[in-house]
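Note that ligands are numbered from 1 as they come in the structure, with each ligand's atoms numbered from 1 the same way. Everything numeric in this text was worked out from a predicted model, so none of it was measured.
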Amino acid sequence: MSPKTVLVIGSGGREFAIVWMLLQYLGLIKKIYIAPGNGGTANLSHCENINIKPSDKAALIKFAKDHQVDITIVGPEDPLGAGLVDDFQVAGLKIFGPTQAAAEIELSKVFAKQLMAKYGIPTAPFEVFDDFVAAKRYLHQQTEFPLAMKADGGAQGKGAHIVHDLDEALAMVDKIMVDLIHGDAGKRIVIEKFLIGKELSVMIISDGTNYRILPITQDYKYAGEGDTGEMTGGMGTCGPLAWAEELLDDIRSQIVEPLLNALASEGRPFVGCLYPGLMLTEDGLKVLEVNARFGDPEMESVARLLKTPFLEITAAGIEGHLGDLEIEWSDEYVTSIIIASAGYPGAYNKGMVITGLEHAEQIPGVVVMHAGTVLEDSQYKTSGGRVLVVTAIGKNMEEALARAKQAAECIKFEGAWWRHDIGKNAA
Ligand code: GLY
């Protein structure tokens, strides 16, 4: 493969991880543009942040044409839901990610649940409501709590709520459907049975026909230690999960292949990363949600284990020959810890000066990936809720975890915090 010009869409830790993977094979890279990128991507060799929003489809297409971009890789779900891939394809540009129709699996929880029900894919029993009075009437009839309540549309990973009793459930209906705390995403909701079990993040890359499963990780979604407090986009990940190995055949036959086949049968073949969040319950595997993009921070972890050029994988995905490509993985283990701003997942301050990055990266096996940072006057400052992702590899999970924690201790900014129990129950 000759060196390529790549455009990466997005600005978080996942997009940093994508750029980092691309840079591991410098011979394949002419230039990487990131729209809009973050403080970390601004400072990497061969990379240039460009000031175009992921929502500005026309400007992205013009940029890709003007700069002879060979391949575009989309990070977040919102541009997928807005049809960025469709528009790039119409413009004759190569792009890795699902079409708008295929991405609906993430952008509409109702679509996802109804698809799974239609094709017999295991998921929690559910009801759909677009009227808050009907939702409340239904809740009054329920005798078993907690329940899970989800806004239909995209809500940056924060649209799912666990309600523990009737009063909390009724109040949550008001918040989501009347106060619209998640915007229009909450005009329709899913109420479903609350499942108990162990969660696992399964990401696959698909070319529409063939697929490859990436190392399976565990995500720590809550802000508080011991999975307490508010839901976040994810506070850390670790993997590969030894206990998930024996589930691989079931994951393929009960979840991944039925999902891909269901989407294809509905005329929505999936190209890109399909990421079902699963739970292993007493009744077997169940799908909690299906995402249409790489997980964040799952991808920051998985990136550290990849031993095949990421560019070759995305090219094979776009061109439909993933079946010819064996993806190689390191036999090491990885842990990622998010360093967050005070207040996250609620309101947080920006502009705090970050120190200690060099010390953190001197620890063996550690790479610090940037998420919510900017580079100003040669200093990294905070600009988001999830600020940095400390990733560490090791010969076993304990070593990876110890290294990640040691590195996280080095990083300082006003209000910085992280979960100290990432890795718990993962072995
Ligand atoms: N870490 C969860 C997600 O990417 O949706």
Taking distance alone, with N or O pairs closer than 3.5 Å, would you say G233 contacts ligand 1?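 For ligand 1, there is an N or O atom that lies under 3.5 Å from one belonging to G233.
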Give yes if a backbone or side-chain nitrogen or oxygen of E298 is under 3.5 Å from a nitrogen or oxygen of ligand 1, and no if not. yes
Would you kindly specify which portion of E77 sits under 4.0 Å from ligand 1, judged on non-hydrogen atoms: side chain, backbone, both or neither? neither
When you check the side-chain N and O atoms of E257 and Y211, is any donor under 3.5 Å from an acceptor?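 Note: E257 and Y211 side chains meet the donor-acceptor criterion.
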Please compare R386, M299, R293, R14 and report which has the shortest non-hydrogen distance to atom 4 (O) of ligand 1.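 Ranked by closest heavy atom to atom 4 (O) of ligand 1, first place is R293.
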Which atoms of ligand 1 sit under 4.0 Å from any heavy atom of G295?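 Answer, ordered by atom number: 4 (O).
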Ligand 1 atoms nearer than 4.0 angstrom to some heavy atom of D219 are 1 (N), 2 (C)
Does this structure show an ion pair linking K4 with D70, if we count only N-O contacts that are shorter than 4.0 Å? no
K150/E289 ion pair, N-O < 4.0 Å: no
Atom pair [atom1]/[atom2] of [X] and [Y] - distance to nearest 0.5 Å:
X    : Y    : atom1 : atom2 : answer
K118 : F111 : NZ    : CZ    : 9.0 Å
I52  : L60  : CD1   : CG    : 5.0 Å
L28  : E312 : CG    : CD    : 6.0 Å

Within-shell test, Y275 vs ligand 1, heavy atom, strictly < 4.0 Å: yes
